[in-house]
Protein chains: 2
Amino acid sequence: MREQTQRATHDRPDGKHWGRNSMTEMAESLPVADRLARDIRAMLISGELKPGQRLSEAAFSERLNVSRNSLREAFRLLTKEGLLQHEANRGVFVSVPSMSSIIDIYRVRRLIECGALLKAWHLHPAVRTMRQAVEAAKSCRLRSDWQGVGSANMTFHAAVVDLSDSARLNAFYAGIAAELRLGFGLLGDPEDLHSPFIDMNDEIVTLVENNRSAEAASRMGDYLTLSERVILKAFEKTL
Amino acid sequence: MREQTQRATHDRPDGKHWGRNSMTEMAESLPVADRLARDIRAMLISGELKPGQRLSEAAFSERLNVSRNSLREAFRLLTKEGLLQHEANRGVFVSVPSMSSIIDIYRVRRLIECGALLKAWHLHPAVRTMRQAVEAAKSCRLRSDWQGVGSANMTFHAAVVDLSDSARLNAFYAGIAAELRLGFGLLGDPEDLHSPFIDMNDEIVTLVENNRSAEAASRMGDYLTLSERVILKAFEKTL
DNA sequence: AATGTCAATATCGTTGAACAATCTTTTAAT
DNA sequence: ATTAAAAGATTGTTCAACGATATTGACATT
């Protein structure tokens, strides 16, 4: 509810107001800090902002055309999400994924994803989303679109969590996934980082569809150990 | 890495600096927004701030001797935690727990706490914490200190989550627990809201100590269904 | 009396500037 | 080269201002 798109009857004389940066952009209804958080988050997972990099308040607020205050609100949000790190009187930095953070994240994933699968109901709407994600991934693989494969993979696992029917769990997992992508960014999107997992996902969703939840959960456990190992392996090379 | 405790060799001449408001208070090194968030969080779980209540920026910033900007940063943090709710152009309100939010929270608890127990190791340090919390609760019960029982209960379940050895899971659970306490606030701390659960906790930790994790997890499932039912029951009366 | 309209008022949303505190870099001295 | 002091840059926090939106209250209409 509550739309907000009547504007007019004002016609202020100064012409600099609504001009963001690029033209043809007038929606953007949400508060500035939230929009900033979303945009910066996107820059983080796209790799445009690299781990360890310092984010100067002055530079960023000018670049994004917002006040320092608003920017700081966004920084605080992202810091709480774990994507940024705050050092007193020194500024905020892009979090650098470490072995221990990867391990921690996979502990979370194992608990949540396996737990969700274990009690999954085979007619849950999320199952359909899982299936679609798998098919999309396959399709992308044919086109060697590894970025697309990675994206479909994220969708798949988010759908797994959604099996639990918990808004809080979904939100939490979204944050975890974003943090993990920060780690992926360091490794690029090579074929063998995603491709082998498509078939495991397929197996898993098939098991769920056939109401064999326990086996699905077990298979997910295998998936996660394998995935974790691949990432840690690729990780220690960059060390 | 990077500790932050060398400071000195500065000794600035002006003496008015660290005086906050009341005297005899000189530590408080953390940023204002974080301190605010902590304090307001305390007011929320103590019931000093009641669900549904609106928190005026002007009034609160004056009362706490901080600027509106700093207060807004804290509000944003607490909103992300789910303790406050933000309505555009209307302000922030203390979240009012609902049936659906209680149910959601218990879904989270079941998944996380049972999952953590299922793979618990009987020599994990957290087991000791669990045992101590149970004994503390018993001791409080003898003294009819139901507030203390509730507190010990919180400690117990936090320790259960800590069995998973995941910093992120611990942090997430802390938020969930705070949100749940918001709901408790509406119900007071009567004996029969906490007392019957002390023995179940005892059972659970005993099972873990004897390396019978699966049974412990199952028992925790019982605990949670029961606890949820009690709360929902007490809840629909206030409706 | 109930309802709808419109101005008056209070708040939020966001910004920009200001200043103290602290970190970093440069410069100077031993 | 090492250390100390001064200069410069950045963060931490506050304040004041103003547009936009919501709420309140007065007033008119049915």
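Below, chain A is the first sequence line, B the second, and so on; all start at residue 1.
- Toward the 5′ end of DNA chain C lies the nearest nucleotide of B/G91, the other residue of the pair A/A88 and B/G91 mapping further downstream.
- Under 4.0 angstrom from either OP1 or OP2 of D/dG12 there lies at least one side-chain N or O belonging to A/H86.
- Going from atom CZ of B/R76 over to atom C1' of C/dC12 covers 11 Å, rounded to whole Å.
- Here D/dT13 is the nucleotide among D/dT13, C/dG13, D/dT11 with the atom lying nearest to any side-chain atom of B/V32.
- Using a 4.0 Å cut-off between charged side-chain N and carboxylate O, B/R110 and B/E228 make a salt bridge.
- In this structure, of C/dT14, D/dT14, D/dA22, it is D/dT14 that holds the atom nearest to the side chain of B/S70.
- Residues A/R54 and B/L71 each lie close to DNA chain D; by heavy-atom proximity, the contact nearer the 5' end of the strand is made by A/R54.
- The side chain of B/S56 approaches C/dC12 more closely than any other nucleotide in the set D/dT11, C/dC12, C/dT15.
- Using a 30° and 60° split on the angle between ring planes, A/F172 and B/F172 fall in the parallel class, below 30°.
- We find that CZ of B/F93 is positioned 12 Å from P of D/dA22, with the value rounded to whole Å.
- The side chain of B/N89 has D/dA22 as its nearest neighbour among C/dG16, D/dA22, D/dG12.
- Computed from coordinates, the B/E57 CD to C/dT14 P distance equals 10 Å when rounded to whole Å.
- Annotation: side chain of B/F197 is not in contact with side chain of B/V149 (no heavy-atom distance under 4.5 Å).
- Within a 6.0 Å sphere centred on CD of B/Q53, heavy atoms belonging to other residues, nucleotides or ligands number more than 12.
- The side chain of B/V66 lies closest to D/dT14 when the candidates are D/dG12, D/dT14, C/dG16.
- Separating the CD atom of B/E87 from the C1' atom of C/dC12 is a distance of 12 Å, rounded to the nearest angstrom.
- Residue A/L64 contributes atom CG, which lies 15 Å from atom C1' of C/dT14 at whole-angstrom precision.
- In this structure, CD of B/E73 is placed 12 Å from C1' of D/dT11, rounded to the nearest angstrom.
- Contact check for A/T129 versus A/D162: no side-chain heavy atoms found under the 4.5 Å cut-off.
- Of the candidates C/dT14, D/dT14, C/dA18, C/dA18 carries the atom nearest the A/R68 side chain, counting heavy atoms from C-beta on.
- Rounded to an integer number of Å, the gap from CG of A/L30 to C1' of C/dC12 is 16 Å.
- With rounding to whole Å, A/D34 atom CG is found 8 Å from C/dT14 atom P.
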